[in-house]
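Read the numbers this way: they start at 1 and go in the same order the structure lists the ligands and their atoms.
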Amino acid sequence: MEKQTNGKARTNDEEKIQESHEAQANMWKFVFGFTELAVIKCAIELGIADFLEKNQEPISLNQLSVALGCCSSSLYRILRFLINRGIFKETSTKSGKSGYVQTPLSRLLIKEGENSMAAFLLFESSPVMLASWHNLSARISSKDNSLSSFEAAHGKDVWKYAEADPKHSNLLNNAMACDARIAISAIIDDCPEIFKGVNTIVDVGGGDGTTLRLLVEAFPWINGINFDLPHVASVAPHAIGVVHVGDDMFNYVPKADAAFLMWVLHDWSDEECIQILTKCREAIPQDNGKVKILEAIIGEKEENIIRGSNNKKLKDVGLMLDMVMMAHTSNGKERTTKEWAYVLNEAGFNRHTISHINVVQSVIQAYPSRFLPCSETNLKCKLCWFIFKVLKKH
Ligand SMILES: C[S@@+](CC[C@H](N)C(=O)[O-])C[C@H]1O[C@@H](n2cnc3c(N)ncnc32)[C@H](O)[C@@H]1O
């Protein structure tokens with residue numbers, strides 16, 4: 001009996017030691033977590049993926065270091081680190097020597113490519129964006145929580161900063177265009193029906209217009225209005241079927257059959273989202289207009305983190321994005337289905353549907369409640385006109 005108890009105690013002790021070793025190994029990963037971002041950034045800047053992509057054959061270390069003008073022993077160590085993470089692969093050349101080739105992951109680091117994610121990584125790893133992370137705990141422990149980590153680091157919010165620094169604005173717009181290529185290709189494949197019968201779309205906070213360019217290419221009957229702040233709209237590249245309009249979405253949203261918002265509402269508080277969505281509701285027809293929103297949806301406790309996502313690997317991205325919103329915006333956040341229902345209802349949308357597609361964002365389609373007056377009296381609106389007449393009588 002005593003022997004058995006000792007055996008059990010020993011097993012428990014061994015389990016505890018094993019758990020503690022595992023915890024330590026995991027903690028080292030967090031301690032040096034930044035190395036992955038930094039080394040991938042270095043690989044993009046060196047152009048390793050771009051050079052390998054141009055060559056069909058495996059490229060030796062010597063060829064690569066000569067072509068990129070790099071120190072070969074350092075390049076070897078960079079490649080060894082990345083290969084360990086599935087970025088690049090070592091294989092044999094025809095002559096039996098060792099050489100490097102691309103992998104699906106390293107192809108995402110090609111600078112100019114429809115599927116490239118390089119621009120996003122360069123933006124998030126820029127000194128400007130990284131600076132906010134140092135102020136996160138100070139922001140959370142401050143009583144009013146009003147000054148964002150970004151503002152504490154730079155003295156202005158992320159949009160004002162971009163307006164004043166065209167180079168950073170370009171970095172931001174390129175990063176957003178990079179995500180737009182991924183998300184819009186998924187929406188075109190997974191739910192093309194949502195664009196049936198839609199002749200005009202206003203993309204609110206549409207960045208450089210990549211979203212509308214891709215939608216108009218796929219659904220050529222659509223006329224696109226790419227709407228963003230003047231410093232963004234004025235430098236957006238020309239695209240067939242798309243006009244760029246610069247203004248402030250808190251003041252005005254151009255009229256269209258449908259309003260589209262991707263990764264815009266998560267930058268703002270509930271109250272600000274309600275203001276933006278109200279402007280969108282007023283910009284679309286009350287009887288058959290729609291607002292289409294692409295945002296990550298955070299799961300409730302008992303749900304998957306991203307509900308219905310086909311790809312479990314994406315589930316954590318929503319939670320990471322929520323932290324990014326905390327670091328980079330004043331009051332932005334990723335929302336649960338309940339939180340989405342609240343802001344949509346408050347903005348005068350009494351019905352909405354959610355479709356999950358194979359990217360980090362889900363598609364929310366919101367339908368305006370009928371018979372809601374505008375936020376400011378608009379005598380062109382039948383309901384405002386009717387209320388105006390009734391009030392005038394009394
Ligand atoms: C996170 S980016 C998303 C860009 C684009 N929708 C995409 O997903 O590729 C947010 C966009 O909102 C724009 N924005 C911020 N404040 C705005 C305002 N008051 N009026 C119009 N656009 C605004 C920014 O300039 C930026 O292009």
Side-chain angles (χ1 to χ4, degrees), residues 114 116-117 119-120 123-124 126 128-129 132 148 150-151 156-166 168-188 201-215 224-237 239 242 244-254 256 258-269 271-280 283 291-296 317 320-322 324-334 357 359-364:
E114 274 296 291
S116 170
M117 294 177 80
F120 219 111
F123 170 66
E124 291 297 345
S126 66
V128 172
M129 299 317 281
S132 353
S148 76
F150 190 95
E151 275 176 271
K156 39 173 100 83
D157 75 17
V158 70
W159 315 119
K160 288 259 169 350
Y161 189 96
E163 185 181 359
D165 181 343
H168 186 71
S169 183
N170 193 36
L171 207 57
L172 191 162
N173 296 337
N174 288 343
M176 295 309 129
C178 159
D179 171 68
R181 285 191 291 270
I182 299 169
I184 298 306
S185 132
I187 212 175
I188 290 169
I201 295 188
V202 55
D203 186 7
V204 181
D208 77 350
T210 298
T211 293
L212 280 177
R213 174 177 66 77
L214 297 173
L215 286 178
I225 306 165
N226 181 50
F227 182 71
D228 207 295
L229 289 166
H231 73 272
V232 180
S234 62
V235 295
V242 181
H244 301 293
V245 176
D247 210 321
D248 182 344
M249 64 191 169
F250 287 97
N251 291 335
Y252 146 87
V253 168
F260 190 91
L261 299 119
M262 176 162 73
W263 270 3
V264 170
L265 297 172
H266 73 172
D267 294 328
W268 303 97
S269 68
E271 292 68 32
E272 289 160 328
C273 280
I274 293 163
Q275 285 176 40
I276 300 166
L277 284 166
T278 303
K279 291 284 173 214
C280 291
V291 170
K292 299 167 198 296
I293 300 164
L294 250 84
E295 291 280 359
V317 182
M320 289 194 234
L321 268 173
D322 189 43
V324 173
M325 292 307 114
M326 196 182 268
H328 293 166
T329 71
S330 301
N331 289 301
K333 60 178 181 180
E334 301 303 333
I357 53 176
V359 286
V360 68
Q361 299 96 333
S362 297
V363 183
I364 305 172

Answer yes or no for Asp203: is there a heavy-atom contact with ligand 1 below 4.0 Å?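 No; Asp203 lies far enough from ligand 1 that no heavy-atom distance drops under 4.0 Å.
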Close approach, Asp248 and ligand 1, non-hydrogen under 4.0 angstrom: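 The answer is yes: ligand 1 sits under 4.0 Å from a heavy atom of Asp248.
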Where is the nearest protein heavy atom to [atom]: which residue, which atom, and how far?
{"atom": "atom 11 (C) of ligand 1", "value": "Gly205 O, 3.6 Å"}
{"atom": "atom 20 (N) of ligand 1", "value": "Met249 N, 2.9 Å"}
{"atom": "atom 1 (C) of ligand 1", "value": "Trp263 O, 3.1 Å"}
{"atom": "atom 8 (O) of ligand 1", "value": "Met262 O, 3.2 Å"}
{"atom": "atom 9 (O) of ligand 1", "value": "Met176 O, 3.2 Å"}
{"atom": "atom 26 (C) of ligand 1", "value": "Asp228 OD2, 3.6 Å"}
{"atom": "atom 23 (C) of ligand 1", "value": "Leu229 CG, 3.6 Å"}

How many angstroms lie between atom [atom1] of [X] and atom [atom2] of [Y], to the nearest 0.5 angstrom?
{"X": "Asn174", "Y": "Phe120", "atom1": "CG", "atom2": "CZ", "answer": "11.5 Å"}
{"X": "Ser148", "Y": "Met325", "atom1": "OG", "atom2": "CE", "answer": "12.0 Å"}
{"X": "Phe227", "Y": "Asp247", "atom1": "CZ", "atom2": "CG", "answer": "4.5 Å"}
{"X": "His168", "Y": "Ser126", "atom1": "NE2", "atom2": "OG", "answer": "5.0 Å"}
{"X": "Phe250", "Y": "Asp248", "atom1": "CZ", "atom2": "CG", "answer": "7.0 Å"}
{"X": "Met176", "Y": "Cys178", "atom1": "CE", "atom2": "SG", "answer": "9.0 Å"}

Could you tell me, atom by atom, which parts of ligand 1 come under 4.0 Å of a heavy atom of [X]?
{"X": "Gly207", "result": "27 (O)"}
{"X": "Val232", "result": "25 (O)"}
{"X": "Asp267", "result": "1 (C), 10 (C)"}

Can you say whether the rings of Phe150 and His328 are parallel (under 30°), tilted (30 to 60°) or perpendicular (over 60°)?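 It falls in the perpendicular class, over 60°.
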Parallel, tilted or perpendicular: which fits the ring planes of His266 and Trp263, with parallel below 30° and perpendicular above 60°?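 Because their plane-to-plane angle is under 30°, the rings of His266 and Trp263 count as parallel.
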Mode of Trp268 contact toward ligand 1 - side chain, backbone, both, neither (heavy atoms, under 4.0 Å):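 The side chain, only.
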Answer with side chain, backbone, both or neither: which part of Asp247 has a heavy atom less than 4.0 angstrom from an atom of ligand 1?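 Looking at Asp247 and ligand 1, just backbone atoms fall under 4.0 Å.
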When you compare the side chains of Glu271 and Asn331, does any donor N or O come within less than 3.5 Å of an acceptor on the partner?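 Judged by distance alone, the side chains do not pair up.
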